[in-house]
Amino acid sequence: MLFALLIAGFGQGQEVSVASMLPEMTDLEGLAHVPAPFYVTRQASSYDRASVSPDKDWFANADYGQYIRKETVEGHDEYVMADLLGPGAVVRFWSANPAGTARFYFDGEAKPSLSAKLGDLLTGKVEPFSDPIACARSMGTNLYFPMPYAKGLKITLEASEQAAKGVYYQIMYRTYDLAAQVKSFTLDQAKEALNGNARARTIAAARFGSVNPGHPITSMTRTVAPGKTLELFSSSRRGEVDLLEIKLGNSSPENLRGCILEGTFDGKKTVAAPLGDFFGAAPGINRYDSLPVSVAADGTMTSRWAMPFETGATLQLRNLTKSAIQVTATVGNRTLTAVKNPLLFHAKWRMEKMFTRPMRDWNILNVPSGTGRFVGVSLAVANPTKAWWGEGDEKIYIDGETFPSTFGTGTEDYFGYAWCCPEVFSHPYHNQPRCDGPANKGNTSVNRWHILDGMPFSKSFKFDMELWHWAEVDVTYAATAYWYASPESTDTFKPIDAKDLVLPVIPVAVRVKGAIEGEELKAKVTGGVTELQGYENLSNETQLWWRDAAVGDKLTATITVPSTGMYEITGKFCTAGDYGIHQISLNGKPLGGPIDFYNKDLKWKAIGFGAIILPAGEVKLEVMVTGANPQAIQRHMFGLDYLLLTPKN
């Protein structure tokens, strides 16, 4: 994977600039130090402003088209996405549906020094921001690049009102201590930093897949009996583990969940996570490449997180399975002559099986006291239905904030993709190594590494993720949080319980016998959009969904009748607050009159149409929009779970 960044040859000094920040995009060792000058990372986003407090619309979900204000500039409207006070720097820009033109006004300038189509900027079409600095992955678009500013930065979007109303966005930024000296961004600086040095090279050549970090490493192959512990590394002097590579003889999902990686640094246990979860792709071996972690197709798992220590360290693997397991491990350890403001590496795991109602905030990390830096999370979700599990927003509180200074727009948005897309992908900073499907059913594994956008804290840190699922089901979340913290810091993780290591069983979808499934019809429409929607209480857990059509629009499909005869016609249909009135016909014959599918709540309704004679072979199914209930939202939606043709003797 190419990631063209300059990682050497920049000037030194305390001044913050594009040149000084760019090496941070690859500097894993630097994460273990308190940043100087100090900064706090926050986020501007399009989260639903109706979310005011846990007592008022806390799980509101209209996370689009939300802006600070609208301004008129030289006769056109610009929507203000962020209005930031310096000294600071933007470090990440994400959108699910970039539209219009983004304008960046640095330090109060009247004319923006950076102006580009937002879609081009976030997908690598604006020089010098090429893939993967700016790119699309699984329908999400991201730009990771330092854009510092001395006094302030205003980011606006010029787009039609209709387009602007639908845009989802997130902008992560640093706010430095007021004494910080910052050289504001220019496009020329960015081009010079990325392209102006012959020593520029790729991350892939420098780090990915390497088993030799440039200093001695130790390797072993051992068999660990059930209930026993294997020591992987031990040292009683100052140093840093910067390479950990492990491969099991049997890399089954059960073994990867049942073997616990534990790390003790300077006398404090800071690492406790199932092996597969620690490497960010659980359950099982799921290949991906990122900057700090990689998993190879042959089962080799590699960590390049920096793990410094002053007085000593141990790494061990505890086998809580019922089988003996062969372990091959490689550890790279370099001696440190001095450690400035050392922070200890932490990686801890928790899991919970939860019913999805009522919605709630699920805590991924809580550090009640201490100084440190949050650097990432991996999440494994066991979802028993095709329905989307990740509508929830991340909420991050730094140093005792009562309202989250990072308030997201959706779980997949936090993990860098969009629209609950099941496509697997790799990126240096965010990945979806596994998504079983169909749709979002089964096991999904995602991770996000905060490198350039790491989140320092001086007193406390809390990360919650909303449990916001489309369906009312039991779902299992298993998260590993990664952070650096001072030795005296505290956290709220409990010891890992062996009973929590049992992998959830995903139920097989049940189909109504003989049903003609709506989602399997090849439907054509004269207006609106068709999609497939997953819900656990449907036949095959899926329905054909038609939305945003106009009165008079038609949906047509063909169904196959096995033989000529009289058939009893029944169907199961969706009803909800934005569904319309539709006329259903077979072979041009109306099945009764128009049906009003409006209902205040989301429910599925079985409807009988009586008996009708049908010929053998292909029969035309037609659904026409005839109107909408006055109480309904006028989107004329229609949802078909299945039709059932029962022969009548």
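What you see below is based on every heavy atom in this structure, not just the backbone, and it leaves out hydrogens, waters and symmetry mates.
Side-chain atoms of Ser303 never come within 3.5 Å of backbone atoms of Leu244 as a donor-acceptor pair (strictly under, hydrogens ignored). The backbone N or O of Ser294 lies less than 3.5 Å from no partner atom in the side chain of Asp289, so there is not a single donor-acceptor pair.
Aromatic rings of Trp305 and Phe345 (six-membered ring for Trp) have centroids within the 6.0 Å cut-off, being under it. Aromatic pair Phe461/Tyr397: ring centres not closer than 6.0 Å. Remark: aromatic rings of Tyr288 and His430 are distant, center separation not under 6.0 Å.
Residues passing the ring-ring contact (aromatic ring centres under 6.0 Å, His included) test with His469: none are found, sequence neighbours excluded. Applying the side-chain hydrogen bond (donor to acceptor under 3.5 Å, both in side chains) test to Gln316 and every residue at least two apart in sequence or in another chain returns Glu262. Judged as a side-chain contact (heavy atoms from CB on, under 4.5 Å), and not counting sequence neighbours, the contacts of Ile68 are Val80, Asp83. In terms of the side-chain contact (heavy atoms from CB on, under 4.5 Å) criterion, residue partners of Ala190 (sequence neighbours excluded) are, by chain and number, Pro128, Phe129, Phe145, Phe185. For Trp349, there are no ring-ring contact (aromatic ring centres under 6.0 Å, His included) partners, not counting sequence neighbours. Under the ring-ring contact (aromatic ring centres under 6.0 Å, His included) criterion, Tyr173 pairs with no residue, sequence neighbours left out. By the ring-ring contact (aromatic ring centres under 6.0 Å, His included) test, Phe355 pairs with no residue at all, sequence neighbours left out. Under the rule for a salt bridge (Lys or Arg N to Asp or Glu O under 4.0 Å), the partners of Asp277 that lie at least two apart in sequence or sit in another chain are Arg257. With sequence neighbours left out, the side-chain contact (heavy atoms from CB on, under 4.5 Å) criterion links Glu412 to Trp388, Tyr417, Cys420. Not counting sequence neighbours, the partners of Ser234 by the side-chain contact (heavy atoms from CB on, under 4.5 Å) test are Glu231, Thr314. Taking the salt bridge (Lys or Arg N to Asp or Glu O under 4.0 Å) definition, one finds that Arg42 meets it with Glu401, sequence neighbours left out.
With hydrogens and angles left out, the side-chain atoms of Thr302 and Glu245 include a donor and acceptor closer than 3.5 Å. For the residue pair Asp107 and Ser184, a side-chain donor N or O sits within less than 3.5 Å of a side-chain acceptor on the partner. Checked by atom type, the side-chain pair Ser46/Asp63 shows no donor-acceptor distance below 3.5 Å. For the residue pair Asn61 and Glu391, a side-chain donor N or O sits within less than 3.5 Å of a side-chain acceptor on the partner. Between the side chains of Asp399 and Ser458, at least one donor-acceptor pair of N or O atoms lies under 3.5 Å. Arg137 and Asn142 share no side-chain donor-acceptor pair at under 3.5 Å. For the residue pair Tyr105/Arg103, the side-chain donor-acceptor check at 3.5 Å is not satisfied.
Screening Phe415, Tyr414, Phe463, Tyr482 against His450 for a ring-ring contact (aromatic ring centres under 6.0 Å, His included) leaves a single residue, Tyr414.
For Arg357, the CZ atom counts as densely surrounded, since its 6.0 Å shell holds more than 12 non-hydrogen atoms of other residues, nucleotides or ligands. Applying the 6.0 Å contact sphere to NZ of Lys268 captures more than 12 heavy atoms from other residues, nucleotides or ligands.
In this structure, Arg69 forms no cation-pi arrangement with Tyr67, as its terminal cationic atom is not both closer than 6.0 Å to the ring centre and no more than 45° off the ring axis.
A salt bridge is defined here as a Lys NZ or Arg NE, NH1 or NH2 lying under 4.0 Å from an Asp or Glu carboxylate O, and Arg174 with Glu24 meets this definition. Taking the charged nitrogens against the carboxylate oxygens, Glu15 and Lys183 have no contact shorter than 4.0 Å, which rules out a salt bridge.
Here the side chains of Phe425 and Met139 are not in contact, with every heavy-atom distance at 4.5 Å or above.
Within the structure, side-chain hydrogen bond (donor to acceptor under 3.5 Å, both in side chains) contacts touching residues 361-376 (residues at least two apart or in different chains) are Tyr39-Arg373, Trp58-Asp361, Glu352-Trp362, Asp361-Lys395, Asn363-Asp464, Ser369-Thr490.
Classified by interplanar angle (parallel below 30°, tilted 30° to 60°, perpendicular above 60°), the ring pair Phe309/Phe265 is tilted.
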